[in-house]
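To start, the structure itself, in structure tokens.
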Amino acid sequence: MAALGFAASGGNWFSALVLGVTLLKCLLIPTYHSTDFEVHRNWLAITHSLPISQWYYEATSEWTLDYPPFFAWFEYALSHVAKYFDEEMLNVHNLNYNSSKTILFQRFSVIFTDALFVYAVHECCKCIDGKKASKELTEKPKFILSVLLLWNFGLLIVDHIHFQYNGFLFGLMLLSIARLFQKRHVEGAFLFAVLLHLKHIYLYVAPAYGVYLLRSHCFTANKPDGSVRWNSFSYARFISLGLIVFLVSALSLGPFLALNQLPQVFSRLFPFKRGLCHAYWAPNFWALYSALDKVLSVIGLKLKLLDPNKIPKASMTSGLVQQFQHTVLPSVTPLATLLCTLIAIAPSIFCLWFKPQGPRGFLRCLILCALSSFMFGWHVHEKAILLAVLPMSLLSVGKARDASIFLILTTAGHYSLFPLLFTAPELPIKILLMLLFTTYSISSLKTLFRKEKPLFNWMETFYLLGLGPLEVFCEFVFPFTSWKLKYSFLPLLLTSAYCAVGIAYAWFKLYLSALTDPPAGKTRKQ
């Protein structure tokens with residue numbers, strides 16, 4: 001805190017926050033890394049040692065390239081730095097290669113590329129309304145937002161322990177959001193188009209971008225009642241947006257179109273054969289659905305209503321990516337999840353068009369699209385909750401109601417990531433880091449909105465406190481019970497289902513605020 005106070009006196013508090021979290025990332029280098037570490041090492045090898053025509057066909061490793069072409073080129077660029085550390089990591093046949101130099105390179109590559117995330121956070125802070133600004137540095141909305149983003153617990157453990165490159169990707173998303181807040185629509189559209197061709201999970205929020213840019217950029221004026229003035233449509237602006245999407249897509253997919261490989265690329269990007277749920281149940285509607293199916297199957301076996309020989313052998317809690325057939329409830333198809341997702345997204349898109357609320361309305365719609373896709377999508381990764389948590393941070397420092405939703409969503413969402421770190425040495429690290437981040441989030445936002453009503457009601461408080469006993473049971477009680485062998489799925493089922501309730505509740509509250517908030521004032525757009 002002394003260092004922070006010194007930085008504050010010089011106006012360099014942001015740099016102090018960045019330096020502090022960077023040092024923490026460096027301390028996490030020796031920690032456990034998941035199979036995603038080998039995934040990205042293999043992609044380095046594929047893009048470095050093979051011609052582009054083989055990138056999306058190479059299958060020596062089970063961890064085949066399944067990200068869009070821009071990310072493949074990103075790995076290609078990294079590989080030309082990696083060869084100066086350890087060339088053996090770039091051999092496609094060196095499966096599970098993890099020399100000390102390889103670990104250092106890959107860990108530091110994540111830390112280095114986080115520079116884009118840092119810049120995006122700095123730009124987002126410029127978009128925050130300073131009306132609630134306090135004389136105390138630590139009570140300023142910009143300071144609180146910087147901590148919530150730079151020190152986000154979920155991003156830290158997913159990127160710097162589990163291992164992925166989400167930091168710079170979320171940096172691109174936050175930077176595109178900042179540009180839309182700054183009325184730099186074309187730049188924001190370009191950044192998001194590039195992002196889609198780096199990681200296609202951001203398709204979740206593409207409807208929000210498309211509708212907002214059409215409504216706020218292509219239509220240049222509103223009627224006095226706030227509805228769109230149809231004759232204000234700008235063909236030049238529409239064409240400029242279309243050209244951006246076309247040119248970025250052509251640059252990304254063009255080489256594979258020329259090689260007649262687009263079907264192969266898309267089969268890698270959208271692997272519907274992988275099943276409804278990912279290796280660890282994402283805490284969404286299908287987690288509750290699958291948990292209910294599991295409970296009903298256990299009851300059915302106990303009461304001898306089900307034939308044990310007809311129970312599907314695959315287990316959705318085994319930690320493997322695989323197809324699964326429900327036992328009692330009807331099995332879910334990709335088409336069913338698509339329809340559910342579209343229905344869930346539709347009201348937020350309706351509000352964005354017919355109840356325009358400016359950039360904040362867009363941001364709320366983006367989060368609702370992310371949450372709706374998370375709740376009902378096919379083969380959703382548990383890490384995808386960060387797609388809603390990080391942008392929700394921007395809303396949390398604006399209104400007390402949004403702060404309350406953010407805290408429930410973040411706490412439940414972050415706890416749902418605990419099963420990703422299942423090794424003993426990481427147990428105290430994840431508990432301590434989450435406690436520190438959650439305590440800071442709650443205390444800082446309570447201080448920011450201390451003149452308003454409490455952020456939580458009794459039910460919400462009870463739910464959040466319930467995470468403590470759940471963690472004690474899953475980590476310290478269950479392993480020593482006789483249930484461990486017979487019901488090994490139980491801790492994961494309880495974690496996913498409990499967190500799904502909190503995330504669904506936050507999704508519902510955010511939707512309620514979007515549907516009930518009045519449209520923005522009758523203003524003519526610039």
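Heavy atoms only: backbone and side chains are in, while hydrogens, waters and symmetry mates are out.
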Pairwise side-chain contact, Ser176 with Tyr209, heavy-atom cut-off 4.5 Å (strictly under)
yes

Just do the side chain to side chain contact (heavy atoms under 4.5 Å, CB included) check on Met392 and Thr410 with the steps written out, would you?
CA-CA 9 Å; Met392 190 69 207; Thr410 301; 5.9 Å; no

With the side chain counted from C-beta on, respond yes when Ile367 and Leu395 share a heavy-atom pair under 4.5 Å apart, and no when they do not.
yes

For the atom pair NE2 (His122) and CG (Leu174), what is the distance rounded to the nearest 0.5 Å?
14.0 Å

Least distance between heavy atoms, Glu38 atom then Asn94 atom:
OE2-O, 4.4 Å

Just by distance, with hydrogens left out, do Gln106 and His40 show a side-chain donor and acceptor under 3.5 Å apart?
no

Any donor and acceptor pair, going by atom type alone, linking the side chain of Ser290 with main-chain N or O of Ala287 inside 3.5 Å?
no

Mark yes or no for whether Ser496, through its side chain, and Leu493, through its backbone, hold a donor-acceptor pair below 3.5 Å.
no

Could you verify whether a donor N or O on one side chain and an acceptor N or O on the other, from Thr438 and Ser441, lie under 3.5 Å apart?
no

Rounded to the nearest 0.5 Å, how far does CG of Leu251 lie from CH2 of Trp73?
9.5 Å

If the threshold is 4.0 Å, N to carboxylate O, is there a salt bridge linking Asp114 and Lys25?
yes

Do Leu510 and Arg364 have side chains that get closer than 4.5 Å, going by heavy atoms?
yes

Between Phe153 and Phe437, does the ring centre distance come in under 6.0 Å?
no

CG (Leu155) and CG (Leu390) are apart, to the nearest 0.5 Å, by 6.0 Å

Scan side-chain atoms only and decide if Tyr97 and Asp86 contain a donor-acceptor pair under the 3.5 Å cut-off.
yes

Treating Thr481 as the side-chain partner and Phe478 as the backbone partner, does any N or O pair qualify as donor plus acceptor under 3.5 Å?
yes

Between Tyr204 and Leu387, which heavy-atom pair has the shortest distance, and what is it?
CD1-CD2, 3.5 Å

Atom OH of Tyr57 with >12 non-hydrogen neighbours under 6.0 angstrom:
yes

How many angstroms lie between atom CZ of Phe374 and atom CG of Leu386, to the nearest 0.5 angstrom?
9.0 Å

Heavy-atom pair of closest approach, residues Val121 and Ser146
CG1-CA, 4.1 Å

Check whether Lys430 reaches the backbone of Phe418 with its side chain - one donor and one acceptor, N or O, closer than 3.5 Å.
yes

So, Ser34 side chain and Asp36 main chain: donor-acceptor pair closer than 3.5 Å or not?
yes

Any side-chain heavy atom of Thr337 sitting closer than 4.5 Å to one from Phe376?
no

State, with a plain yes or no, whether a side-chain heavy atom of Phe71 is found less than 4.5 Å away from one of Lys199.
no

Has the side chain of Trp43 got a donor or acceptor atom that lies under 3.5 Å from a matching backbone atom of Trp63?
yes

Indicate the atoms forming the closest heavy-atom contact of Asp66 with Arg268, along with that distance.
CB-O, 3.3 Å

Answer yes if the ring centres of Tyr289 and Trp286 are under 6.0 angstrom apart, and no otherwise.
yes

Does the side chain of Tyr415 pick up a donor-acceptor pair with the side chain of Glu471 at under 3.5 Å?
yes

Working note: Cys340 + Phe285, criterion side chain to side chain contact (heavy atoms under 4.5 Å, CB included); need CA distance, chi angles, decisive distance, verdict.
CA-CA 10 Å; Cys340 289; Phe285 177 80; over 6 Å; no

Please assess Ser396 against Ser393 for the test side-chain hydrogen bond (donor to acceptor under 3.5 Å, both in side chains), listing each intermediate value before the final yes or no.
CA-CA 5 Å; Ser396 70; Ser393 305; 5.4 Å; no

Quick one: does His33's side chain get under 4.5 Å of Ile161's, heavy atoms only?
no

Using atom types as modelled and distance alone, determine if a side-chain donor or acceptor of Thr439 lies under 3.5 Å from a backbone N or O of Leu435.
yes

pair Leu394-Cys124: side-chain heavy atoms closer than 4.5 Å
yes

Determine, using ring centers only, whether Phe74 and Phe168 are less than 6.0 Å apart.
yes

Of the non-hydrogen atoms in Met89 and Ala45, which two are nearest, and what is the gap between them?
O-CB, 3.8 Å

Fit a plane to each ring of Phe256 and Trp55, take the angle between them on a 0 to 90° scale, and name the class: parallel (under 30°), tilted (30 to 60°) or perpendicular (over 60°).
tilted

Within a 6.0 Å radius of atom NZ on Lys101, are there more than 12 heavy atoms belonging to other residues, nucleotides or ligands?
no

Check the pair Tyr440 / Trp151 against ring-ring contact (aromatic ring centres under 6.0 Å, His included), numbers first and verdict last.
CA-CA 10 Å; Tyr440 173 80; Trp151 290 75; 9.4 Å; no

Establish, for the pair Lys294 and Phe489, whether the NZ or CZ atom is under 6.0 angstrom from the six-membered ring centre and no further than 45 degrees off its axis.
yes

Is there a donor-acceptor pair under 3.5 Å between the side chain of Ser252 and the backbone N or O of Ser249?
no

Please tell me whether His162 and His160 form a close aromatic pair, meaning their ring centres lie under 6.0 Å apart.
no

Within 6.0 Å of OH in Tyr76, more than 12 heavy atoms from elsewhere
no

Provide the closest heavy-atom pair for Ala344 versus Trp507 in the form atom of the first, atom of the second, distance.
CB-CZ2, 4.1 Å

Is the centre of the Phe170 ring less than 6.0 Å from the centre of the Phe117 ring?
no

Check: Asp159/Gln164 side-chain N/O donor and acceptor closer than 3.5 Å
no

Could you give me the CA-CA distance, side-chain angles and deciding distance for Tyr498 and Tyr463, then say whether ring-ring contact (aromatic ring centres under 6.0 Å, His included) is met?
CA-CA 9 Å; Tyr498 194 88; Tyr463 171 82; 4.6 Å; yes

Within the 3.5 Å criterion, strictly below it, is a donor on Tyr56 or Thr64 matched to an acceptor on the partner's side chain?
no

Tell me, with the steps shown, if Arg107 and Leu28 meet side chain to side chain contact (heavy atoms under 4.5 Å, CB included).
CA-CA 9 Å; Arg107 289 293 196 190; Leu28 296 176; over 6 Å; no

Interatomic distance, Tyr202 atom OH to Leu196 atom CG [nearest 0.5 angstrom]:
10.0 Å

Supply the atom-to-atom distance Asn98 CG to Ile103 CD1, rounded to the nearest 0.5 angstrom.
5.0 Å

Looking at Glu88 and Arg41, does any basic side-chain N land under 4.0 Å from a carboxylate oxygen?
no

Are side-chain heavy atoms of Gln261 and Ser53 found at a separation under 4.5 Å?
yes

Tested for side chain to side chain contact (heavy atoms under 4.5 Å, CB included) against Ser61, the lone hit among Asn96, Asn42, Ile46 is Asn42

So, the side chain of Thr47 versus the backbone of Leu44: is there a donor-acceptor pair under 3.5 Å, distance only?
yes

Please check: side-chain N/O of Ser348 versus main-chain N/O of Ile345, any donor-acceptor pairing under 3.5 Å?
yes

Phe163-Tyr165 aromatic ring centre distance below 6.0 Å:
yes

